[in-house]
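One is the number of the first residue; the rest follow in order along the sequence.
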Amino acid sequence: MKLILIALLGLTLTQAVFVKRSNDPSKAVFTQLEAMEEHELGRKLLDTIALQLNNKAPLGDIAKMLQQLRENLILNQQEADQKHAQDEVDCETEIYQYNRRIDFASNEITESTQEIQTLSAKVEQLTQDVENKQVQLDILNEQETQIREQRAEDAESFRTFENETENVIEAVEVIIQKLSSIQPDQEVLAALTQLNKIGASNPILALMQVASTFSAEQLNNVLGKLGEVSTQLAEALDDARTAEIQAQLDFEALVVEIASQRESLSAAREDSERQLQDNQQALDLQKKRKEDATDELNAASSGKEQKEAECDSWRTQYAEDSEHRQQEISIIRQVEEILATKLSNVKVYLQERSSA
């Protein structure tokens, strides 16, 4: 039996066979045998049977060999069917897993895209808000600088006004004092001599010289006017001092108000900056989420395509192998049937075949 199997499986000789067609009733059998010649297994079987018949091997051995070949092919087909069924389950399972990954990744991309749009708008809004609050802080700082400079200028102007007004009041008081000492009906030479000692450009001296010519009524009138001037100057100075005090109070209140606004704006800006940082971090995470999901989608899609191609290849190979195996089983059965019913015709065909 081993010799038969080795001869069958090892035989590689192929040749074109031209069989003489007999004019007897065995023509149908010959036609069947010629058809087998078109198949590799058919040629090998006929070669093996011819060799066995030449070696006068028992017909039972040939039949057993054919039966074993047929059963092996059937067993192989059953194993192929089982493997194919398992392959289909594996394909379905793996493709299902790829589809789940694709669905999840697609959902992740959709959700992250929506989050990115929302967070991008929020980041843009907060960025603008931070910039606006910084501009307001800059304006407040500029306002404070300006009012401090203006307050310093006003204070300096007041001090100048105060000094000058005090000097004028003092001068007016001196004039009143000097004029009050003039007696129109007395000698004024002594007073003029005393004033002359101050200098030729002394305005008081000039005034005394003029006033010395006044009558008592005129002099009293001048003294009254000078007293009014002194009083008005003193009142103006008092008003200026009151206004300066109020201006200083208003300035301090405005500085406090600006400081309060600055503190409030700074706190609001810091809060916006914290929100901006949080939203920017969230935006970065969503971008990373979308990037990872995109990579996963590409990987899952590519894996699915490869698996589908692999499964299609398996199906094609399974179909081809199954068809080829069924053809071989069919040939073996035909040979078995012919040997069982038309052995003499087979012998004649093989003899003609070997002599062709």
Side-chain angles (χ1 to χ4, degrees), residues 100-168 233-303:
R100 287 191 61 187
R101 289 172 58 187
I102 290 172
D103 290 342
F104 179 78
S106 298
N107 186 62
E108 284 287 285
I109 291 174
T110 299
E111 290 184 359
S112 60
T113 299
Q114 293 174 349
E115 289 293 326
I116 288 171
Q117 292 174 348
T118 301
L119 289 170
S120 295
K122 188 65 174 178
V123 166
E124 183 178 357
Q125 175 188 350
L126 288 169
T127 300
Q128 187 62 48
D129 185 62
V130 170
E131 292 177 355
N132 290 340
K133 286 182 171 58
Q134 184 59 52
V135 170
Q136 295 177 48
L137 284 170
D138 293 341
I139 292 174
L140 281 178
N141 293 333
E142 182 64 24
Q143 286 179 345
E144 183 177 2
T145 300
Q146 291 176 355
I147 65 172
R148 286 185 180 278
E149 292 176 351
Q150 187 62 49
R151 179 86 281 274
E153 292 178 4
D154 292 345
E156 181 63 26
S157 297
F158 167 74
R159 286 190 293 271
T160 300
F161 172 78
E162 184 180 42
N163 291 334
E164 292 178 349
T165 302
E166 287 177 344
N167 290 336
V168 171
L233 288 173
E235 291 176 352
L237 183 57
D238 287 341
D239 291 342
R241 284 171 176 164
T242 301
E244 174 63 14
I245 292 172
Q246 187 61 49
Q248 181 63 29
L249 292 175
D250 292 342
F251 164 74
E252 292 174 356
L254 184 56
V255 169
V256 170
E257 181 181 354
I258 289 176
S260 177
Q261 292 179 1
R262 181 189 296 111
E263 182 180 359
S264 177
L265 273 173
S266 296
R269 184 194 62 182
E270 290 175 0
D271 182 62
S272 294
E273 286 176 340
R274 283 192 295 271
Q275 292 185 48
L276 175 60
Q277 183 178 7
D278 292 342
N279 281 271
Q280 184 62 59
Q281 290 177 349
L283 176 60
D284 293 340
L285 288 175
Q286 291 301 323
K287 288 182 177 179
K288 183 65 168 59
R289 176 189 179 190
K290 182 177 181 179
E291 180 181 349
D292 292 343
T294 301
D295 292 341
E296 169 63 8
L297 177 61
N298 292 335
S301 297
S302 177

Main-chain N/O of Asn298 paired with Ser302 side-chain donor or acceptor, under 3.5 Å: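 Flag not set: sc Ser302 to bb Asn298 has no pair under 3.5 Å.
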Ser260 (side chain) donor-acceptor with Val256 (main chain) under 3.5 angstrom: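 No: the side chain of Ser260 does not pair with the backbone of Val256.
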Reported [atom1]-to-[atom2] distance for the pair [X] and [Y], which is rounded to 0.5 angstrom:
X      : Y      : atom1 : atom2 : result
Leu249 : Glu244 : CG    : CD    : 10.0 Å
Arg151 : Gln146 : CZ    : CD    : 15.5 Å
Thr165 : Arg241 : OG1   : CZ    : 8.5 Å
Ile139 : Ile258 : CD1   : CD1   : 11.5 Å
Glu131 : Ser272 : CD    : OG    : 11.5 Å
Gln125 : Asn132 : CD    : CG    : 10.5 Å

Audit row: Asn141, Arg262, side chain to side chain contact (heavy atoms under 4.5 Å, CB included) steps and yes/no: CA-CA 8 Å; Asn141 293 333; Arg262 181 189 296 111; 2.9 Å; yes
Mind listing the closest non-hydrogen atom pair of [X] and [Y] along with its distance?
X      : Y      : value
Ala105 : Ala293 : CB-O, 3.5 Å
Phe251 : Ile147 : CE1-O, 3.8 Å
Leu265 : Gln136 : CD2-OE1, 3.4 Å
Ala268 : Lys133 : CB-CE, 3.2 Å
Ala240 : Phe161 : CB-CE2, 3.4 Å

Between [Y] and [X], is there a side-chain heavy-atom distance shorter than 4.5 Å?
X      : Y      : answer
Lys122 : Leu283 : no
Glu291 : Lys287 : no
Asp284 : Gln280 : yes
Gln150 : Glu153 : yes

Derivation and outcome, side chain to side chain contact (heavy atoms under 4.5 Å, CB included), residues Glu108 and Lys290: CA-CA 7 Å; Glu108 284 287 285; Lys290 182 177 181 179; over 6 Å; no
Check: Glu111/Asn107 side-chain N/O donor and acceptor closer than 3.5 Å: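 There is such a pair between these side chains.
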Polar side chain donor-acceptor pair, Glu252 to Gln248, under 3.5 angstrom: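 Yes, Gln248 and Glu252 have a side-chain donor paired with an acceptor closer than 3.5 Å.
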Lys/Arg-Asp/Glu bridge criterion (N-O < 4.0 Å) met for Asp271, Arg274: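 Judged by the 4.0 Å cut-off on N to carboxylate O distance, Asp271 and Arg274 do form a salt bridge.
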Enclosure of Glu166 CD (heavy-atom neighbours >12, cutoff 6.0 Å):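 Check passes, neighbour count above 12.
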Stepwise salt bridge (Lys or Arg N to Asp or Glu O under 4.0 Å) test for Arg101 and Glu296: CA-CA 8 Å; Arg101 289 172 58 187; Glu296 169 63 8; 2.5 Å; yes
